Amino acid sequence: MKENVASTVVFILLLFLNTNLLNGQSPPGKPEIFKCRSPEKETFTCWWKPGADGGLPTNYTLTYHKEGETFTHECPDYKTSGPNSCYFNKKHTSIWTIYIITVNATNQMGSSSSDPRYVDVTYIVEPDPPVNLTLELKQPEDRKPYLWIKWFPPTLVDVRSGWLTLQYEIRLKPEKAAEWETHFAGQQTQFKILSLYPGQKYLVQVHCKPDHGFWSEWSPESSIPIPNDFSMTDATVWIFVAVLSAVICLIMVWAVALKGYSMVTCILPPVPGPKIKGFDTHLLEGKSEELLSALGCQDFPPTSDCEDLLVEFLEVDDSGDQQLVPAHSKEHPGQSVKPTHSDPDSDSGRGSCDSPSLLSEKCDEPRANPSKFHTPEGLEKAEKPETNVTQPQGPQSTSVEGKIPSFHASGSQSSTWPLLQPPSLHYSRSSYHSVAEVRKLGLGTAGAASTLLDKTDTRALKPSQTIETGGEGKAAEHRESESFRSKTDQDAARLLPQDKTPLTSAKPLEYVEIHKVSKDGALALLPKQNENSSRAEKTSTPETSKEYSKVSRVMDSDILVLVQDRRAQNLAPFEEPAKEAPPSLPQNPAAVDLASFPVAPSNCRLQLGGLDYLHPTGFMHPFQ
Amino acid sequence: MDNKGSSQKGSLLLLLLLVSNLLLCKSVASLPICPSGAVNCQVSLRDLFDRAVILSHYIHNLSSEMFNEFDKRYAQGRGFITKAINSCHTSSLSTPEDKEQAQQVHHEVLLSMILGVLRSWNDPLYHLVTEVRGMQEAPDAILSRAIEIEEQNKRLLEGMEKIVGQVHPGVKENEVYSVWSGLPSLQMADEDTRLFAFYNLLHCLRRDSHKIDSYLKLLKCRIVYDSNC
């Protein structure tokens, strides 16, 4: 029986519960107090979150009791702070006291209570945002313009009595910027901004924090447009930029100074010059025309038109006159050199117009007077490597001023002897009887070329001299040139080849090809590679003609030491110093005779590697 | 010669130390207001109050940090807060509970209340330092702050006594303070009890330091700035 009753009751209860569940109604869910906050440490509010309401209207009540009290109070104000809130006004608020607060949810089905929340107002202070945020652009006359931001503390907070001490923070940004610029303002209620971008609209916000509480929310945005002409230039930025660029410039200058050359070569690599074996590119520094003319070639590379242009022949006259006749082209009759007579004065300075000159323009073209010889310069330069091999060619080249290409044998002595001869030349009678004659010839040619010498200092003549003496040397040279000129006129007369008369003589003329100038200045002469050489061999007799075809050395820069060429003849080498003698040359063949030099015609081209310059110093020595 | 050089160096070093100490001692109230013994030393009330407020503010910050540190480390899930109700030894001292009450109290009374609370904490602070040192895994954050609070509390007491001497001179004061009897709890063998004792102590310290700070700031604005801070 009892069991039946019990089970019936249970059954009914379950039925009831089921019907309730089927209806969806249930006691309310547990609410939760999620936030309590005091805006001024005088009042506070708590908000709760209701749980599931169970489908029925639910009533919420908040109850609390305070630390040290036993009775429970109910929330004095459910309205002020909005729904699901309880507002404790000043009367109901005690500081430094713990409140134990509970929310009860009640509906038809039942009720539920939240967990108690322990609240001490001391630690939940969070003020309202500051109010009355004002922005003002100030532009004082003698100072920089700035933005003046002002605000007031939140209305509820009592700062005047010191109950709360607030600290403020502002933030601003241009309207379109992404990041805020924040500034701490301390306890003051105004702030000045000095750096602004003109032409933009700025947004400003401020918030505050009590001395032992939480930061408030940000105030609503205030905006202010900055006019375009607002000069807000920050001098420090410009100073920094200027200093930085100055530093960078200094670093670059320093780097360039240190590594200027390597940098320049890195950026602008030097154009490699043509490398022709035995040919110095420095020689090309002058005008190409001059160069080519000096070489005696009409065009470069030389064509077959020019023949025998590059080889100077020292025509040795085996006749008694022992004259120096220039290996001169028949086609240069206009030369002032007139072979009017064969002067027994063997040092008449007769020589080829181009003769020991390296720069004569010989090939096919009548050239100017011997007075315009380039040869002496060539001679000068030829001699230069002999005496001063290691010295820079600077003064010489500079003195020439590019008018005359500066040949120099850099290192090797295998420069060409650019004396050009047309192949049809008969190098008849010219013979260099003596060194003096050669010298005179050289001098003559030098004097002849005085106009060209005009601007060449003695530097060119004597590279060992300093530049300071150049002026003087120039004057001296002028004088020398004058004297040379006078002599040239004389000698020129003798310089022309004596056309046929020497040929008729029993002794053929023999031409020597200057093979090379050795380091110590010895001229090595090659016999002409034709019948002349044989002729030279045949006709060489010691007493009539000592054939000194080999210059062994140059002494004192003006003395040619000649030896007999072993190849040319079988005579014992006979060394005779060539004296620096005045015009009269000894007829003694044993002395200062220049042996017959077999001359080999050559083509008008640069003969490389075998021909050297004859140092003209001996020739160029002042005649007086 | 060596001696001379070394003595010179020593004196230079001493001078350097002295200067650095003087510079460093610009920090919180480490420089005495008036050297003891000086008769006519008069520091203005404003300076006294400023210094006192700085100290009280600093002490409360330290207490708050100390409590939070302890709560995070030892008191999680133990429900200590439920037990720490009405358990501060200074509650016997009747102190104003809100702003209105505080504003109604005369400043001399308020000053004496402050002094009473400060004196009540001398003993507990001393034992707190001792007992925290003895805690297993003595957390340095708590220990260092306890030491600092004890030190600063003494200074604040001195400053307050000077303020009282200026604001309310000549009155013989009743030295009223609360006696703390929580030491046995701190030394309990039971860890839970002991930890709660610490918790309670730190909780009460945080509250009382805040109280002192609030009263002092009120007094400062009232006395020095004439309620117009």
Side-chain angles (χ1 to χ4, degrees), chain A residues 33 36 38-44 64-72 88-102 115-125 127 152-153 156-168 186-189 209-214, chain B residues 49-50 53-54 56-65 67-68 71 79-88 90-104 107 117 203-204 206-229:
Chain A
I33 302 170
C36 289
S38 167
E40 78 285 82
K41 208 163 89 177
E42 295 171 49
T43 66
F44 73 105
Y64 69 92
H65 70 275
K66 292 196 319 191
E67 178 183 2
E69 292 176 0
T70 52
F71 35 87
T72 308
F88 295 80
N89 60 11
K90 287 184 190 181
K91 247 201 291 196
H92 294 96
T93 306
S94 300
I95 316 297
W96 307 295
T97 310
I98 295 179
Y99 281 68
I100 299 109
I101 302 169
T102 315
D115 291 332
R117 187 171 171 102
Y118 295 81
V119 177
D120 193 334
V121 181
T122 318
Y123 313 117
I124 57 164
V125 180
F152 284 94
L156 296 174
V157 174
D158 183 6
V159 188
R160 289 182 59 157
S161 65
W163 184 239
L164 272 184
T165 309
L166 290 177
Q167 292 176 325
Y168 302 95
Q187 293 179 23
Q188 58 194 20
T189 55
K209 173 184 178 291
D211 40 356
H212 299 292
F214 300 97
Chain B
F49 266 108
D50 284 341
V53 163
I54 289 167
S56 63
H57 187 97
Y58 180 52
I59 290 169
H60 175 67
N61 278 341
L62 289 171
S63 307
S64 198
E65 288 166 8
F67 176 82
N68 289 331
D71 189 30
F80 284 155
I81 187 65
T82 58
K83 289 192 280 183
I85 304 292
N86 209 21
S87 58
C88 292
T90 52
S91 53
S92 62
L93 301 170
S94 61
T95 52
E97 294 290 307
D98 60 20
K99 184 178 97 169
E100 283 77 15
Q101 286 178 23
Q103 281 178 330
Q104 282 164 10
H107 50 266
V117 174
H203 163 261
C204 291
R206 176 168 79 141
R207 172 188 288 179
D208 283 346
S209 60
H210 190 277
K211 212 183 258 190
I212 291 165
D213 187 44
S214 296
Y215 294 160
L216 270 173
K217 282 168 181 167
L218 267 177
L219 276 175
K220 177 180 120 174
C221 284
R222 196 200 294 183
I223 295 172
V224 176
Y225 296 97
D226 201 19
S227 298
N228 198 17
C229 273

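Naming: A, B, ... by sequence-line order, numbering from 1 per chain. On a predicted model such as this, the values are computed, not experimentally measured, just so you know. Side chains are part of it too, since the values below use all heavy atoms of this structure and drop only hydrogens, waters and symmetry mates.
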**Study point:** Salt bridge present between Glu67(A) and Arg207(B) (N-O < 4.0 angstrom)
**Key:** yes

Review point. So which part of Tyr225(B) gets closer than 4.5 Å to some heavy atom of chain A, the side chain, the backbone, both or neither?
Key: neither

Study note, to complete from the structure: Looking only at Thr82(B), Asn61(B), Val53(B), most heavy-atom pairs under 4.5 Å shared with chain A are made by Thr82(B)

Review point. Between Arg160(A) and Asn228(B), is any pair of side-chain heavy atoms under 4.5 Å apart?
Key: yes

Point to revise | Separation of Glu42(A) CD from Glu100(B) CD (nearest 0.5 Å) | key: 6.0 Å

Practice item. Could you tell me which portion of Asp213(B) (side chain, backbone, both or neither) has an atom closer than 4.5 angstrom to a non-hydrogen atom of chain A? Key: side chain

Review point. Can you find a heavy atom in the side chain of Ile98(A) that is under 4.5 Å from one in the side chain of His203(B)?
Key: yes

**Study point:** For the student: nearest non-hydrogen atoms of Trp163(A) and Ser214(B), plus distance
**Key:** CZ3-CB, 4.5 Å

Check your understanding: Using non-hydrogen atoms only, which part of Thr165(A) is less than 4.5 Å away from chain B: side chain, backbone, both, or neither?
Key -> side chain

Review point. In terms of heavy-atom proximity below 4.5 Å to chain A, should Thr95(B) be classed as side chain, backbone, both, or neither?
Key: neither

Review point. Who among Lys220(B), Gln101(B), Gln103(B), Lys211(B) has the most heavy-atom pairs with chain A under 4.5 Å?
Key: Lys211(B)

Practice item. Look at the rings of His60(B) and Tyr123(A) and say which category their plane angle falls in: under 30° parallel, 30 to 60° tilted, over 60° perpendicular. Key: parallel

Point to revise | Pick from Thr93(A), Asp120(A), Val121(A), Thr122(A) with the largest number of heavy-atom pairs that fall under 4.5 Å of chain B | key: Thr122(A)

Review point. Lys209(A): what forms a salt bridge (Lys or Arg N to Asp or Glu O under 4.0 Å) with it, not counting sequence neighbours?
Key: none

Point to revise | Separation between CG of Asp211(A) and NE2 of His57(B), rounded to the nearest 0.5 Å | key: 6.0 Å

Exercise for review: Mind checking the CD-CG spacing from Glu69(A) to Asn86(B)? Nearest 0.5 Å is all I need.
Suggested key: 10.0 Å

Practice item. Could I get the full list of salt bridge (Lys or Arg N to Asp or Glu O under 4.0 Å) partners for Asp98(B), not counting sequence neighbours? Key: none

Revision key, fill the gap. Taking every heavy atom of Cys221(B) against every heavy atom of Ser161(A), the minimum-distance pair comes out as CB-O, 3.4 Å

**Study point:** Interface moiety of Leu164(A) toward chain B, non-hydrogen atoms closer than 4.5 Å
**Key:** neither

Exercise for review: Quick one: closest heavy-atom pair of Val159(A) and Cys229(B), and the distance?
Suggested key: O-CB, 3.5 Å

